[in-house]
Amino acid sequence: MDGYHSDNHNRLISGATGIGGADQGASLLNTRRASQWGVDGVVTLVPIHGLAITNSVSYNHFTYGHNLPICNATDDDGNCTGYGNLKGKKMAGYPSVMYKANISYTWHGASTWMDVNYYSKRQYSLLNDTHVPAYWLANLGASYDFGDVGPLKGVKASFMVYNLFNAKYIAMMGENGFPATGDMQSLERGAVREYFGTIKASY
């Protein structure tokens with residue numbers, strides 16, 4: 001387990017405008033001061049030979065510490081009619097809490113595993129008035145090591161199911177930048193359930 005703290009000075013961020021393409025714009029902002037602190041912890045249990053259970057958690061608290069006005073409303077001519085304050089707001093695009101549980105079992109050449117991941121909500125706008133919801137993501141896999149087969153060395157077959165429960169979630173966000181307010185930028189939906197199978201060997 002570990003803990004940490006850091007202070008950031010003159011951190012630059014980009015406040016995006018438009019919805020991408022020809023009308024995409026951005027304003028460069030000096031946040032002057034920001035700070036973060038957090039903790040990480042991991043524990044692994046091996047109740048019987050071949051079985052391992054691992055749990056890990058991470059918490060990060062990042063906030064801006066300077067009074068910085070940001071336009072959050074405009075009229076039809078694009079003139080600013082309202083302002084929000086960046087002070088106390090969380091950094092966009094990153095979850096505060098991440099958790100992972102993994103269970104694996106190995107017996108001779110066979111092994112199987114499952115992991116479950118949790119990501120808390122992520123702020124989408126700089127002023128934190130929109131966010132992407134939290135989600136859980138599970139994966140399942142198995143493999144078998146056949147060893148040497150004829151002229152082939154280290155033959156191993158594996159199979160994996162990604163997004164086991166077909167969760168609907170937002171993966172990437174902010175490729176076109178993060179807006180000061182609202183949600184007029186880009187989001188990418190996470191991959192649906194997928195199946196992967198591989199066979200590898202050397203000679």
Side-chain angles (χ1 to χ4, degrees), residues 1-42 55-101 116-138 163 165 167-192:
M1 185 171 184
D2 65 79
Y4 58 87
H5 172 83
S6 69
D7 294 311
N8 302 272
H9 298 278
N10 297 313
R11 180 186 178 90
L12 300 178
I13 60 174
S14 175
T17 60
I19 57 174
D23 68 342
Q24 178 70 48
S27 298
L28 191 64
L29 305 171
N30 185 339
T31 61
R32 300 296 177 89
R33 186 171 67 254
S35 63
Q36 65 175 319
W37 62 269
V39 292
D40 302 298
V42 60
N55 286 269
S56 64
V57 64
S58 174
Y59 177 77
N60 178 273
H61 185 76
F62 181 107
T63 55
Y64 297 104
H66 183 74
N67 288 307
L68 181 65
I70 297 180
C71 181
N72 61 5
T74 59
D75 59 23
D76 293 338
D77 296 324
N79 300 313
C80 189
T81 58
Y83 290 89
N85 196 333
L86 191 64
K87 185 177 181 179
K89 300 300 187 293
K90 294 182 178 180
M91 179 169 55
Y94 294 90
S96 294
V97 178
M98 292 186 291
Y99 169 75
K100 181 174 183 177
V116 179
N117 305 273
Y118 171 77
Y119 301 88
S120 66
K121 71 178 183 180
R122 290 166 286 168
Q123 300 300 329
Y124 188 45
S125 65
L126 300 182
L127 293 176
N128 295 177
D129 59 353
T130 52
H131 68 270
V132 169
Y135 68 94
W136 291 87
L137 185 66
N163 193 0
F165 301 111
K168 295 178 174 61
Y169 67 98
I170 297 299
M172 299 293 292
M173 57 190 296
E175 293 88 339
N176 288 337
F178 295 100
T181 184
D183 60 356
M184 298 294 288
Q185 295 300 310
S186 58
L187 294 171
E188 289 185 12
R189 179 184 173 181
V192 298

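Quick caveat, the model's predicted, so the values are computed rather than measured.
In terms of heavy atoms, Thr181 sits closest to Asn72 at CG2-O, 3.6 Å. Residue Ser125 comes nearest to Ala92 through the heavy atom pair O-CB, 4.2 Å, listed as atom of the first residue, atom of the second, then distance. In plain terms, the two heavy atoms of Ala180 and Cys71 that are nearest each other are CB-O, 3.7 Å. Closest non-hydrogen pair, Thr63 versus Gly88, comes out as CG2-O, 3.8 Å. Contact record, Asn85 with His66: OD1-O, 4.0 Å, taken as the closest heavy-atom pair.
Separation of atoms CG (Leu127) and CD1 (Ile70) is listed at 5.0 Å; rounding is to 0.5 Å. Interatomic distance, OG of Ser56 versus CE of Met98, reported as 9.0 Å (0.5 Å rounding). Separation of atoms CG (Leu68) and NZ (Lys89) is listed at 11.0 Å; rounding is to 0.5 Å. Here the OG1 atom belonging to Thr130 is positioned 7.5 Å from the CD atom belonging to Gln123, to the nearest 0.5 angstrom. Expressed to the nearest 0.5 Å, how far CG of Asn163 lies from NZ of Lys168 amounts to 9.0 Å. With values rounded to the nearest 0.5 angstrom, Ser35 atom OG is found 7.0 Å from His61 atom NE2.
Looking at His5, its side chain does come within 3.5 Å of a backbone N or O of Gln36 through a donor-acceptor pair. Formation of a donor-acceptor pair under 3.5 Å by the Asn30 side chain with backbone atoms of Leu12 is not found in this model.
Residues Asn55 and Tyr99 are in side-chain contact: their nearest non-hydrogen atoms beyond the backbone lie under 4.5 Å apart. Residues Leu187 and Tyr124 form a side-chain contact, since some pair of their non-hydrogen atoms from C-beta on lies under 4.5 Å apart.
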Subject >> Trace of the side-chain contact (heavy atoms from CB on, under 4.5 Å) decision for Met173 with Arg122 >> reply: CA-CA 9 Å; Met173 57 190 296; Arg122 290 166 286 168; 3.6 Å; yes
Subject >> Check against side-chain contact (heavy atoms from CB on, under 4.5 Å), Phe178 and Ile13 >> reply: CA-CA 9 Å; Phe178 295 100; Ile13 60 174; over 6 Å; no
**OP:** Could you check Tyr64 against Arg11 for side-chain contact (heavy atoms from CB on, under 4.5 Å), going step by step and ending with a plain yes or no?
**Re:** CA-CA 9 Å; Tyr64 297 104; Arg11 180 186 178 90; 4.3 Å; yes
**OP:** With side-chain contact (heavy atoms from CB on, under 4.5 Å) as the test, would you mind laying out the steps for Asn10 and Arg32 before giving the verdict?
**Re:** CA-CA 4 Å; Asn10 297 313; Arg32 300 296 177 89; 4.1 Å; yes
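Annotation: Lys90, atom NZ; neighbour count of heavy atoms from other residues, nucleotides and ligands within 6.0 Å does not exceed 12.
For Tyr135, the ring pair (Phe, Tyr, Trp, His ring centres under 6.0 Å) partners are Tyr119, Tyr169, not counting sequence neighbours. Every residue meeting the ring pair (Phe, Tyr, Trp, His ring centres under 6.0 Å) condition with Tyr59, not counting sequence neighbours, appears here in chain and number order: Trp37.
Taking the six-membered ring for Trp and thresholds of 30 and 60 degrees, Trp136 and Tyr118 have ring planes inclined between 30 and 60 degrees apart.
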